[in-house]
Each structure stands twice: as structure tokens, then as C-alpha cells.
Engineer: 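Here it is, the structure, as C-alpha cells.
Order of listing sets the numbers, starting from 1, for every ligand and every atom in it.
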Amino acid sequence: MELWGRMLWAFLSGPGRGGRTLGWAFSSWQPQPPLAGLSSATELVSHWTRVFEKRGIPEARESSEYIVAHVLGAKTFQSLRPALWTQPLTSQQLQCIQELSSRRLQRMPVQYILGEWDFQGLSLRMVPPVFIPRPETEELVEWVLEEVAQRSYAVGSPGSPLILEVGCGSGAISLSLLSQLPQSRVIAVDKGEAAISLTHENAQRLRLQDRIWIIHLDMTSERSWTHLPLGPVDLVVSNPPYVFHQDMEQLAPEIRSYEDPAALDGGEEGMDIITHILALAPQLLKDSGSIFLEVDPRHPELVSSWLQSRPELYLNLVAVRRDFCGRPRFLHIQRSRP
Ligand SMILES: C[S@@+](CC[C@H](N)C(=O)[O-])C[C@H]1O[C@@H](n2cnc3c(N)ncnc32)[C@H](O)[C@@H]1O
């Protein structure tokens, strides 16, 4: 699960920041020679790790392990029965591994190659160009769950809390909150048609479709908010597009070529969608309602001064949390009664 979180950060905050373009070129794909004499899962992993390393493919071993495990019906190589490590593979399995590995050589993210990925213990379908959920976003979900546990609605009045997620993507945040808060209801909005249809599909797969309203909506078009069902919400949660526009070119080829730029590009200071969410909060939130956001480490300061200059919103930045790398990445903003 850490694969892409680590990668994303390597590219957003690694040595490439400050304008230097990172030096990973696309590998032009050529058919690989037949895998003569290679027959077991372990040998295949070693073979493809070497090929990936030679072609400059990041996370070479993890990528080959995920692909081989997937073809053998497991989520990770370590979870395969040891007998399968050395057992000869069928020619169909070999062909399938070859086909999936060739996609990796074209820098397709492993999550899209496998077509599914775990988030908060839920297996979600992944389809390009819908944003792949990152492991740090699981920390945002955990923070929301802690907050809900401390509030009175945790006691469990039916339908509560009512949560709005802005930019649901694959549905990762909304569906994990629904699965862990059995009384809750969620309104999930996204402007991407592919995202909306994937959230629908994942909700059905997980049998969580009865408590979620999935709405195709561009949240910058204020007119559309009047059509929201269910009135003011207890919580707004969002992992919005927050990459500073100038950093977009430095993203890994996996991200640039396969994920929807609209899921990442937050405008000049990465604040375009963040400020829209905050400006609409008085209309969306109940009194004392909360907003939880995932942001760039430069945002806590920017958001704090943005809010100070808009006292009429009655919003206070009440807490900032760090991610597993120690970067300030999550914000809790609360509405005070006017
Ligand atoms: C960073 S992705 C997060 C996806 C998902 N919540 C997750 O954490 O995996 C941001 C999402 O916001 C959506 N989005 C971007 N601009 C939007 C807008 N103006 N209105 C609604 N959704 C928007 C994108 O389509 C994308 O799915």
C-alpha cells in the first residue's frame, strides 16, 4: 500500500522541487524476449525486477511482485502459499505476467494494471484516469473517525453524522467512512464522470450504495449546490486537488500520463478548490460543523492567513496533523456560531 504514497512524495517533495526536472524518461516499450527457461513465480519476479531496473522503472521489485502475485490470485507475493513460489507456471499465466509487465514498462501505475487496490481494508476497483488513493489519505480518514467518536452523534442517531465529501474519486474516503460508521450517510460529489461512475461501482461492490448519494457536480459552480440533497452536513471531508500548478511538471510519469490532472492541479498556490470549499462552508455546514482537508505542507500557513482575512466565514483552523513522514498535511477547520 505504501508504493504510491512514497512515490508521490518522492516526486512532490524530493530533490526535484525548486524547478529541476526529474530525470526519469519514459521507456519506449519493446516486446520482451520469450521467457524461455523461466517457470516459477520466484524466477519470474527476479526476471521482471531485473528488466524493470534496467529500464529505470521505479519500485522494480514491488512492481514485479504485485504483478506475479495478482496473476496467481493473491494480493501480495508474501501472502502466496510458499508451494506456489517454486511451482511451474502455466503458459497462460506466463503470458498474462508478460502482458501486465509490459504495461508497467509503459509506466502505468501498478494499481491500474491490477485494476484494484486496498484502502482502509476495502478492496476498491481502480480505473484510469481516476485518482489512485494514497496511503496518507488513510490518516485523514482515521482522524475523521476519531473526531466522530468524540462527538455526540457517535452515540448513533440514525443517519448521523451526515458527511459531504468533495472530490470523491474512486470513493475511497466516502466508502471507508460509511463502512466504519454504520449510522452515517454520505453525499459524495465529483466533477469527473469517470470518478462518479467508479464511486458508484465501488459502492455497489461493497454493498454500501444505500447510504451514499453520488452526485456529478463541479463544486466551483455555485448554482449546483442548491441541488444538494439532505441539507446542512455535520462534516465536510476532502482530499482536493492541491498540487501547486508549477509542480505539476515534476510529477512522476506514472502520475502525469495516467491520472486526471484535474484531480491534482490546485492552481497557482494549490488553493483553488480549498478556498471554494471554505467559502461555501457557511452554506454547507451545520453550526459547529467541521471540515477535514488533506493539503500540501505549505498550506496550513496559507489557509490560516486566508481564514484570518475572512472573519465573516466564522471558520477557525483548530488543528493541524502531520503525516507519517512528519509533514503538516491535514487540517481540521471548525465553524463557530455567528
Ligand atoms: C486528489 S483527488 C481525491 C480523490 C479521492 N477523494 C481520494 O482521496 O482518493 C481529487 C478529486 O477531486 C475532483 N475534483 C477536482 N475539481 C473538482 C471540482 N471543481 N468539483 C468537484 N470535484 C472536483 C477530481 O475529479 C478528483 O476526483
Side-chain angles (χ1 to χ4, degrees), residues 1 3-5 7-9 11-12 109 111-112 116-120 122-144 163-178 186-203 212-225 227-228 235-245 247-248 251 254-256 258-267 270-280 284 291-296 299 323 329-331:
M1 276 304 284
L3 188 62
W4 291 98
M7 275 206 57
L8 183 66
W9 275 104
F11 284 94
L12 287 178
Q111 292 87 339
Y112 291 150
E116 60 183 11
W117 199 244
D118 281 3
F119 183 89
Q120 285 279 303
L122 302 179
S123 177
L124 299 169
R125 219 164 107 58
M126 295 289 119
V127 178
V130 180
F131 185 83
I132 297 165
R134 310 302 206 263
E136 54 264 43
T137 306
E138 300 192 65
E139 297 181 77
L140 178 72
V141 169
E142 277 153 26
W143 198 12
V144 174
I163 301 166
L164 167 67
E165 186 194 0
V166 178
C168 56
S170 62
I173 295 176
S174 290
L175 297 171
S176 52
L177 289 173
L178 281 174
V186 170
I187 304 164
V189 306
D190 203 293
K191 76 168 185 180
E193 273 180 40
I196 288 300
S197 100
L198 191 57
T199 296
H200 270 293
E201 185 180 342
N202 280 322
I212 186 167
W213 284 258
I214 303 164
I215 301 173
H216 187 208
L217 179 149
D218 180 341
M219 71 92 50
T220 60
S221 138
E222 289 184 34
R223 197 173 50 85
S224 48
W225 290 104
H227 301 304
L228 266 197
L235 298 168
V236 174
V237 185
S238 185
N239 171 20
Y242 60 73
V243 177
F244 285 43
H245 182 71
D247 293 343
M248 288 292 292
L251 296 173
E254 280 81 356
I255 301 171
R256 272 190 286 136
Y258 291 95
E259 290 190 297
D260 181 1
L264 296 147
D265 192 343
M271 294 269 285
D272 287 4
I273 301 298
I274 295 172
T275 51
H276 264 95
I277 295 172
L278 298 175
L280 281 168
L284 302 173
I291 305 171
F292 286 87
L293 298 175
E294 179 174 322
V295 295
D296 179 275
H299 282 141
D323 65 10
R329 299 286 312 288
F330 309 109
L331 307 181

Engineer: Before signing off on this row, confirm whether Asp260 and ligand 1 have an N or O atom pair separated by under 3.5 Å.
Structural biologist: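 No, Asp260 has no N/O under 3.5 Å of an N/O on ligand 1.
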Engineer: Could you tell me whether some N/O pair between Ser170 and ligand 1 is separated by less than 3.5 angstrom?
Structural biologist: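 N/O-N/O distance below 3.5 Å does not exist for this pair.
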Engineer: Would you please name every residue forming a ring-ring contact (aromatic ring centres under 6.0 Å, His included) with Phe330, sequence neighbours left out?
Structural biologist: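 Per chain and number, Phe330 pairs via ring-ring contact (aromatic ring centres under 6.0 Å, His included) with no residue.
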Engineer: Could you grab the distance from atom CD1 of Ile212 to atom NE2 of His200, nearest 0.5 Å is fine?
Structural biologist: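 Here the interatomic distance stands at 8.5 Å.
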Engineer: Which residue owns the protein heavy atom closest to atom 20 (N) of ligand 1, what's the atom, and how far is it?
Structural biologist: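 Among all protein heavy atoms, the one nearest atom 20 (N) of ligand 1 is Met219 N, 2.8 Å.
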Engineer: What distance separates Thr137 OG1 from Arg329 CZ, expressed to the nearest 0.5 Å?
Structural biologist: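 So the gap between those two atoms works out to 7.5 Å.
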Engineer: Which bit of Leu217 gets closer than 4.0 Å to ligand 1, counting heavy atoms only: side chain, backbone, both or neither?
Structural biologist: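 Only the backbone of Leu217 comes within reach of ligand 1.
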Engineer: Hey, is Ile173 touching ligand 1 through its side chain, its backbone, both or neither, going by heavy atoms under 4.0 Å?
Structural biologist: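 Near ligand 1, Ile173 shows its side chain, while the N, CA, C and O stay back.
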Engineer: Looking only at protein heavy atoms, which one is nearest to atom 1 (C) of ligand 1, and what is the separation?
Structural biologist: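 Nearest neighbour among protein heavy atoms for atom 1 (C) of ligand 1, to 0.1 Å: Ala263 O, 3.0 Å.
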Engineer: Which residue and non-hydrogen atom of the protein lie closest to atom 3 (C) of ligand 1, and at what distance in Å?
Structural biologist: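 Atom 3 (C) of ligand 1 sits closest to the protein heavy atom Asn239 O, 3.2 Å.
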Engineer: Taking the non-hydrogen atoms of Glu294, is any one of them nearer than 4.0 angstrom to ligand 1?
Structural biologist: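 No, Glu294 has no heavy atoms under 4.0 Å from ligand 1.
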Engineer: Measure the shortest side-chain to side-chain distance between Pro241 and Asp265 over non-hydrogen atoms and say whether it is less than 4.5 angstrom.
Structural biologist: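 Heavy-atom side-chain distance check fails, nothing below 4.5 Å.
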Engineer: Taking non-hydrogen atoms only, is Thr137 closer than 4.0 angstrom to ligand 1 via side chain, backbone, both or neither?
Structural biologist: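 Side chain only.
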Engineer: Over 60° means perpendicular and under 30° means parallel, so tell me whether Tyr258 and Tyr112 are parallel, tilted or perpendicular.
Structural biologist: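 Rings of Tyr258 and Tyr112: tilted, 30 to 60°.
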Engineer: Just how far is it from atom SG of Cys168 to atom CG of Leu217, taken to the nearest 0.5 Å?
Structural biologist: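 Between Cys168 SG and Leu217 CG, I get 10.5 Å after rounding to 0.5 Å.
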Engineer: In the protein, what heavy atom is nearest to atom 19 (N) of ligand 1, and what distance, to one decimal place, separates them?
Structural biologist: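 Of the protein heavy atoms, Asp218 OD1, 2.8 Å lies nearest.
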Engineer: Around atom 15 (C) of ligand 1, find the nearest protein heavy atom and jot down its residue, atom name and distance.
Structural biologist: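 In this structure, atom 15 (C) of ligand 1 has Ala262 O, 3.3 Å as its nearest protein heavy atom.
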Engineer: Would you mind running through ligand 1 and noting each atom that sits below 4.0 Å from a heavy atom of Gly169?
Structural biologist: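 Every atom of ligand 1 under 4.0 Å from some heavy atom of Gly169: 4 (C), 27 (O).
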Engineer: List for me each residue that meets side chain to side chain donor-acceptor pair (under 3.5 Å) alongside Glu165, sequence neighbours excluded, and say none if there are none.
Structural biologist: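 By the side chain to side chain donor-acceptor pair (under 3.5 Å) rule, Glu165 matches Ser174.
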Engineer: Near His245 NE2, under 6.0 Å, is it more than 12 heavy atoms from other residues, nucleotides or ligands?
Structural biologist: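 Open: at most 12 neighbouring heavy atoms sit under 6.0 Å from NE2 of His245.
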Engineer: What protein heavy atom is closest to atom 22 (N) of ligand 1, reported as residue, atom name and distance in Å?
Structural biologist: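 It is Lys191 N, 3.2 Å.
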Engineer: Residue-level breakdown please: for His276 versus ligand 1, do any non-hydrogen atoms fall below 4.0 Å on the side chain, on the backbone, on both, or on neither?
Structural biologist: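 His276 to ligand 1: no contact under 4.0 Å from either part.
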Engineer: At what distance is the nearest protein heavy atom to atom 24 (C) of ligand 1, and which residue and atom is it?
Structural biologist: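 Of every protein heavy atom, Asp190 OD1, 3.5 Å lies nearest to atom 24 (C) of ligand 1.
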Engineer: Please answer whether the main-chain N or O of Gln120 pairs with a side-chain N or O of Glu138 as donor and acceptor at a distance below 3.5 Å.
Structural biologist: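 A pair under 3.5 Å: yes.
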Engineer: Which residue and non-hydrogen atom of the protein lie closest to atom 12 (O) of ligand 1, and at what distance in Å?
Structural biologist: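 Going atom by atom, the protein heavy atom closest to atom 12 (O) of ligand 1 ends up being Gly167 CA, 3.3 Å.
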Engineer: Do any N or O atoms from the side chain of Ser170 and from the backbone of Thr199 form a donor-acceptor pair under 3.5 angstrom?
Structural biologist: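 Such a contact is absent between Ser170 side chain and Thr199 backbone.
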